[in-house]
Number of protein chains: 2
Amino acid sequence: MSIGTVSRVLNNSDHPVHPATRERVLAAIRALDFEPNALARGLSGRRTQILGVVVHDITDDYFNEIVRGIDEVARPAGYLVLVLSSYRDPELELDYVRRMRSQHADGIIFVGGGLQVPGHVDRLRRQVEAIEAEGGAVVMLAPNDLPWPSIVPDTDAGIAELVEHLVGLGHRSFAMLTGPDHLKTSVERAAAFRSALARHGIALDPRAVVSGGFERLQAAEALERLVEQGVRFTAVVCLNDQMAVGCLQAARRLGLRVPRDLSVTGIDDLPVTELLDPPLTTVRVPMRELGRRGMELVLSRLEERPFEAPTALACELVVRGSTGRVGRGSRKGER
Amino acid sequence: MSIGTVSRVLNNSDHPVHPATRERVLAAIRALDFEPNALARGLSGRRTQILGVVVHDITDDYFNEIVRGIDEVARPAGYLVLVLSSYRDPELELDYVRRMRSQHADGIIFVGGGLQVPGHVDRLRRQVEAIEAEGGAVVMLAPNDLPWPSIVPDTDAGIAELVEHLVGLGHRSFAMLTGPDHLKTSVERAAAFRSALARHGIALDPRAVVSGGFERLQAAEALERLVEQGVRFTAVVCLNDQMAVGCLQAARRLGLRVPRDLSVTGIDDLPVTELLDPPLTTVRVPMRELGRRGMELVLSRLEERPFEAPTALACELVVRGSTGRVGRGSRKGER
DNA sequence: CGTTTTCCGGAAAGCGTTTGCCAGGACCCT
DNA sequence: AGGGTCCTGGCAAACGCTTTCCGGAAAACG
């Protein structure tokens, strides 16, 4: 029996194969424990069934949740999901993208916001262009300077709600802990806060704005430093949940009771935030759904099927226990 | 200029190429932004430069650290490291392994302990045998029933030291929180504890042994349940650090001061454990090194180069603040 | 200057699939 | 019974690269 026939059986080709023959083929495959060579398959013009997912940090639950969402859609569709963690290193990111091109990945999803490093965007664009030219589908799931289809969480509305909430509780002086300045996500969230505050005639004290990393520890240190320096604020808004968790820990160490002495907020609504003490008030980013939609967008583009892709996903405020009315406690800094 | 020549330039073949020609080729490559097709490369008998790493849960820092160690060696060697997280699902694990076979990965590293599920080991063995037969190198980094080269952390010695330490502090009644029963790692660690305790004539109260997951939350719940049930113990030993972290949180919630009222220990020495309050007494598993050694073993096997592979890595006790002398505090259960 | 050696580039086979094309046989119809 | 249709299955090209084998040119030698 010929090679071609086997291939047709394997791919349920529309070319008819006699049921008996098909059965014989399948039996032989089982007997020999045969596994088709994915390389050869990919080579001969077909798809590779590989999807590259470029994230900033796979340790971070934010990315992890999104990857899970992607996987929920990708796996049933037969895709192998490769998670590529750049740890926010542009070189590494570019290297991964090249590699995906080389492997002829059918699609690439960029999950983290673009790294705003001089020259990097252009080099990345060249690669992405090449990938698209070779039939791959590229999708972005965060604000990015690359002109490709993207779905982004619309945190602005949620941040506005959050500010509304805090102001309603009587807060007027805020501290803000931001992520790295070269991260578009961070920059945009910060801008959203500033403009929402501005609508209430509130301006941020520059001393109360700390731009550091997006990580827990960095936030904890930042808060401690602010308090040490005697900067006054009744609420600290963090640009992601990880940092808020760090603030909660730092606050406890500083003897500040949350929310009595200090209100703390995050953004993302990571799975852990519900379990914290107190549970975190935050802006919910629909991470799983973001991942699913992203993958659906990739699939639709590969199949050249139209897809009603939303370009943004609503993010709503989730009020929990880490925010409270101002002025009921001692002022921060006093222990 | 011919295809063959280009190939020789790309691979620094030992077949001589005139420097001028080589330069022309390189220039053309740059100009056209050419990227060789990894599929075709792999197909034509060469290596694919792909390494599959099968872990239980990429969210877990334990695996993450090991993967980083692997990466430290793999990247310089030109390997693309694919992290495959089975979430302890045998089907998924098997599927990933098949997929790696299909992709002709040069090597596979199994990081988590074997999943002890009926039939699973055999199916896995068939796949691994096939992969080895096709030239791939398979390595295990945890206790496993598969007869392939492995490097395992020798936690037994560290656990013995730990028990020594606790007994020395006056502890006689223990609680033990284990991982899933079908996980070899968990079973072995539990056995090590039992035998070390037995050497001191101490037997574990069956009621004080809870076998749950390897996760933080599960451990927290388990500890709370034990205390509720009035089970008596002065120290709780957890079979990994994640669980110990959960215990620390639960203890705080229960009003138990660590180590005054209760001593808590883990195993692994995750990066976070130093930062906890109190910092955790644990058994250090050299995760980064384990990863590096594992990858080196893969490389040596691929190059058929002899390698003095240690089969076990020493794990030593690290004493920090979560263990203390018994009897100085109130008895647990009293609030 | 002829011969041997060395150096370098080209031609072609092969890697394991997919797929378009073709042909043999079964079947149907007149 | 003969010719036309289907239904199947085989053949072979193509995918993009590596690598072996060859041959021509240049260099070295007597």
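Residue numbering restarts at 1 for every chain, and letters A, B, ... go by the order of the sequence lines. Worth saying up front: this structure is predicted, and the values here are computed from it rather than measured.
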How large an angle, rounded to 10°, do the end axes of the helix from C:dC1-D:dG30 to C:dT30-D:dA1 enclose when each is built from five base pairs?
50°

Quick one: does B:Glu132's side chain have a donor or acceptor within less than 3.5 Å of a partner on B:Val138's backbone?
yes

Test side chain to side chain contact (heavy atoms under 4.5 Å, CB included) applied to B:Phe110 and B:Ile108, step by step:
CA-CA 6 Å; B:Phe110 287 85; B:Ile108 297 192; 3.6 Å; yes

Decide if atom CD1 of B:Ile3 counts as having more than 12 heavy atoms of other residues, nucleotides or ligands within a radius under 6.0 Å.
no

When rounded to whole Å, the CG to C1' distance for the pair B:Asn37 and C:dG16 reads 14 Å

Atom CG of B:Asp14 and atom P of C:dC8: how far apart are they, to the nearest Å?
13 Å

Whole angstrom value for the distance that separates P of C:dT17 from CG of B:Leu43:
9 Å

Atom-pair distance (CD on B:Gln103; C1' on C:dG16), nearest Å
14 Å

For a quick test of reading the model: is some side-chain N or O of B:Arg41 closer than 4.0 Å to OP1 or OP2 of D:dT18?
yes

What I want to check is whether the side chains of B:Arg101 and A:Asn37 have a donor and an acceptor closer together than 3.5 Å.
no

Verify whether one side chain among B:Asp57 and B:Thr59 offers a donor that lies under 3.5 Å from an acceptor in the other.
yes

What's A:Val6 touching, base or sugar-phosphate or nothing? Going by heavy atoms closer than 4.0 Å.
nothing

Nucleotides 20-25 of chain C: which of its N/O atoms have a protein N/O under 3.5 Å away?
from: C:dG20; atom 1: O6; to: A:Arg8; atom 2: NH1; distance (Å): 3.2

Nearest-nucleotide wise, let me know which of A:Ser44 and B:Arg22 is further upstream toward the 5' end of DNA chain C.
B:Arg22

Report which part of the nucleic acid B:Ile3 touches: base, sugar-phosphate, or nothing (heavy-atom distance under 4.0 Å, all strands).
base

Starting from P on D:dT18, measure out to CG on B:Asn12 and report it in whole angstrom.
11 Å

Pick base, sugar-phosphate or nothing for B:Thr21, based on heavy-atom distances below 4.0 Å to the nucleic acid.
sugar-phosphate

Whole-Å gap separating P (D:dT18) and CG (A:Leu39)
13 Å

In whole Å, what is the span from the NE2 atom of A:His18 to the C1' atom of D:dC6?
14 Å

Does CD belonging to A:Glu304 count more than 12 external heavy atoms closer than 6.0 Å?
no

Taking 4.0 Å as the cut-off, does a side-chain nitrogen or oxygen of B:Arg46 come that near to OP1 or OP2 on D:dT19?
yes

Applied to residues 113-125 of chain B, the side-chain hydrogen bond (donor to acceptor under 3.5 Å, both in side chains) test, sequence neighbours excluded, yields B:Glu91-B:Arg123, B:Glu93-B:His120, B:Asp122-B:Arg125

Determine, using ring centers only, whether A:Tyr87 and A:His56 are less than 6.0 Å apart.
no

Would you say that more than 12 heavy atoms from the other residues, nucleotides or ligands in this model lie under 6.0 Å from the CZ of B:Arg75, or not?
yes

Tell me whether the side-chain N/O atoms of B:Asn11 come closer than 4.0 Å to OP1 or OP2 in D:dT18.
yes

With a 4.0 Å cut-off on heavy atoms, is A:Thr5 in touch with a base, just the backbone sugar-phosphate, or nothing at all?
sugar-phosphate

Presence of B:Ser7 side-chain N/O under 4.0 Å of D:dT18 phosphate oxygens OP1/OP2:
yes

Does A:Ser2 make a side-chain N or O approach to OP1 or OP2 of D:dG10 shorter than 4.0 Å?
yes

Nearest-Å distance for atom pair NE2/C1', residues B:His104 and D:dC17
16 Å

Please check if any side-chain donor atom of A:Arg41 sits under 3.5 Å from a side-chain acceptor atom of A:Asn11, or the reverse.
yes

